[in-house]
Each structure stands twice: as C-alpha cells, then as structure tokens.
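In what follows, residues are counted from 1 in the order of the sequence shown.
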Amino acid sequence: MPRTKNHIELQFLSEPSDVNYGGKVHGGMMMKWIDQAAFACALQWSQTYCVTVYVGGIRFFHPVHIGHLVKMEARIIYTGKTSMHIAVDAFSKPVGQTDFVKNTHCIIVFVAVDDDGQPKAIPVFKPKTEKEIAMHGYAIKLMELRKSIDKEMEPYIV
C-alpha cells in the first residue's frame, strides 16, 4: 500500500541500552522515537525544518520489552498556517511474530520555520478518508481542551 505524504512509519529494534532495570524500554526512549517519527512526518509534509512546540496526551498502554521490534506510525491530522498536529502511535512485537500490540499514543505539534527561525507557511492538510476526517475533528477538540489547560498552567509557567 503506497504511503501518502501525510504519513510515515519508522521501525526500531529495542536494544539492551534502551531498557530499564525491569527489562522494559524506558519511557524516555519511547518519547525519543516518537519525536523522531513525528519530526520526519513534519519534515516530509512541510519540506522545511520544524521545531516541536507541544507534546501532549502521551499514554503508555503496554510495556515494550528488550528485543522487540518497535513501529512508530506518525500522521498529520491537522494543519494551521505554520503548524502541524501529528498523531503518533507506537506498536511493538517480538521479532518473528506477525501481530503488533499498540503501546503508546500521543499528539505532537510542530511549527515549520525558515532559515532565521521564523514561522513559515506550510501546505494545508485536507482530510479525505473517514479516518482522516475523524482524526481532524479529534485534533480540533484537543486544541480547545489545550486552551483551558494552558489557562490553568499560566500561573506556573515562568
């Protein structure tokens, strides 16, 4: 199945240096892979350098074990003038098995920037499939929720 420009998939093999004392992949390593997949997706969409401006709603459903194949699926779900909302889902499976288990989900927002670090206009994402339309609506709902979260956090931000 050919991939569209708004979607990217990366795979990693969890190694001994990626795990904690319990033999599970560190949450921080998962977040690194999530950020890398989202950055690649944002770069592919915008065709310019991008910076992370928000990571939210990260949920760890199941642990990833040492030696498992980890798959990151990143997809554009909403664009503003310069920003891209990207949903990232992480899956894993033991090497040699066929079925992946969903481990993690989150939303990352990137902003495209020019050579001077200023926000740069990007192409508009127009959802076409039923799933894309649903995810687009999900992004809009999350943006509204973030406004109230930002308001609550305001007194605590330096």
Side-chain angles (χ1 to χ4, degrees), residues 4-12 14 17-22 24-65 68 70-92 100-127 129-158:
T4 57
K5 192 175 160 185
N6 70 313
H7 179 269
I8 197 162
E9 183 179 296
L10 302 178
Q11 293 189 8
F12 304 90
S14 62
S17 61
D18 301 330
V19 299
N20 58 28
Y21 291 108
K24 317 270 188 323
V25 171
H26 286 281
M29 182 56 67
M30 292 295 290
M31 292 177 358
K32 176 184 175 184
W33 291 334
I34 287 167
D35 190 55
Q36 288 173 336
F39 174 76
C41 185
L43 183 64
Q44 178 174 270
W45 181 261
S46 67
Q47 295 295 299
T48 191
Y49 187 72
C50 304
V51 294
T52 308
V53 296
Y54 177 83
V55 178
I58 190 163
R59 298 290 184 263
F60 297 98
F61 306 120
H62 301 284
V64 176
H65 298 273
H68 280 203
V70 179
K71 175 174 66 171
M72 298 288 165
E73 292 182 358
R75 134 179 353 267
I76 302 284
I77 60 172
Y78 179 88
T79 55
K81 291 179 186 176
T82 62
S83 65
M84 295 154 278
H85 293 66
I86 301 170
V88 182
D89 291 309
F91 303 87
S92 71
F100 281 92
V101 172
K102 189 172 186 175
N103 303 94
T104 308
H105 170 81
C106 74
I107 300 297
I108 300 183
V109 180
F110 279 84
V111 169
V113 295
D114 62 19
D115 291 339
D116 296 321
Q118 298 303 307
K120 181 178 179 180
I122 59 165
V124 175
F125 171 67
K126 296 177 184 168
T129 68
E130 199 172 303
K131 182 177 180 177
E132 287 176 344
I133 292 166
M135 293 300 285
H136 193 261
Y138 169 58
I140 292 169
K141 286 178 187 174
L142 290 177
M143 284 188 292
E144 289 301 315
L145 289 170
R146 275 198 308 272
K147 287 177 186 176
S148 62
I149 292 170
D150 289 346
K151 188 172 182 161
E152 284 295 320
M153 291 177 67
E154 195 172 304
Y156 307 101
I157 298 175
V158 178

Report summary line: Ile77 and Ala139 have their tightest heavy-atom pair at CD1-CB, 3.7 Å
Report task. Quick one: closest heavy-atom pair of Cys50 and Ala112, and the distance? Result -> SG-CA, 4.1 Å
Query - Student check: side-chain heavy atoms of Phe100 and His68 closer than 4.5 Å - result: no
Query raised in the report: What are the two closest non-hydrogen atoms of Ala38 and Ile86, and how far apart are they?
Result: O-CD1, 3.3 Å
Query raised in the report: Is the shortest heavy-atom distance from the side chain of Thr52 to the side chain of Phe39 under 4.5 Å?
Result: no
Report task. State the CZ-NE2 distance between Phe91 and His62, to the nearest 0.5 angstrom. Result -> 11.0 Å
Query raised in the report: Under 4.5 Å between any side-chain heavy atoms of Met29 and Phe12, yes or no?
Result: no
Query raised in the report: Is it true that a side-chain atom of Gln44 and a backbone atom of Lys5 form a donor plus acceptor pair closer than 3.5 Å?
Result: yes
Report task. Supply the atom-to-atom distance Asp150 CG to Ile157 CD1, rounded to the nearest 0.5 angstrom. Result -> 6.5 Å
Query - Side chain to side chain, Thr104 and Ile58, heavy atoms closer than 4.5 Å - result: yes
Query raised in the report: Val25 versus Trp33: any side-chain heavy-atom pair under 4.5 Å?
Result: yes
Query raised in the report: With side chains defined as the heavy atoms from C-beta onward, is the minimum distance between Phe125 and Glu132 less than 4.5 Å?
Result: yes
**Report entry** Validation row: Trp45, Thr79 side chains within 4.5 angstrom (heavy atoms)
**Finding:** yes
Report task. Taking all non-hydrogen atoms of both residues into account, name the closest pair between Ala87 and Met135 and its distance. Result -> CB-CE, 3.7 Å
Report task. Identify whether the distance between the nearest side-chain nitrogen and carboxylate oxygen of Glu144 and Lys141 falls below 4.0 Å. Result -> no
Report summary line: dist Glu73:CD -> Lys102:NZ (nearest 0.5 Å) comes out at 9.0 Å
Query raised in the report: Is there a donor-acceptor pair under 3.5 Å between the side chain of His65 and the backbone N or O of Lys24?
Result: no
Requested in this report: Calculate, to the nearest 0.5 Å, the distance between atoms OG and CD1 belonging to Ser46 and Ile76 respectively.
Outcome: 8.0 Å
Requested in this report: Begin with the C-alpha distance, continue with both residues' side-chain angles, and end with the deciding distance and a verdict on side chain to side chain donor-acceptor pair (under 3.5 Å) for Asn20 and His26.
Outcome: CA-CA 6 Å; Asn20 58 28; His26 286 281; 4.7 Å; no
**Report entry** Worked verdict on Arg146 versus Leu142 for side chain to side chain contact (heavy atoms under 4.5 Å, CB included)
**Finding:** CA-CA 6 Å; Arg146 275 198 308 272; Leu142 290 177; 4.0 Å; yes
Requested in this report: To the nearest 0.5 Å, tell me how far Ile107 CD1 sits from Tyr54 OH.
Outcome: 9.0 Å
**Report entry** N/O donor-acceptor pair under 3.5 Å between Asn103 side chain and Pro63 backbone
**Finding:** yes
Requested in this report: State whether the side chain of Asp114 and the backbone N or O of Asp116 hold a donor-acceptor pair below 3.5 Å, judged by distance alone.
Outcome: yes
**Report entry** Value rounded to 0.5 Å, distance of CE in Met72 from NZ in Lys32
**Finding:** 11.5 Å
Requested in this report: Could you check Val55, Val88, Leu10 and say which one makes a side chain to side chain contact (heavy atoms under 4.5 Å, CB included) with Ile34?
Outcome: Val88
Query raised in the report: Taking C-beta and beyond as the side chain, do Thr82 and Lys120 meet within less than 4.5 Å on heavy atoms?
Result: no
**Report entry** Trace of the side chain to side chain contact (heavy atoms under 4.5 Å, CB included) decision for Val70 with Asp18
**Finding:** CA-CA 12 Å; Val70 179; Asp18 301 330; over 6 Å; no
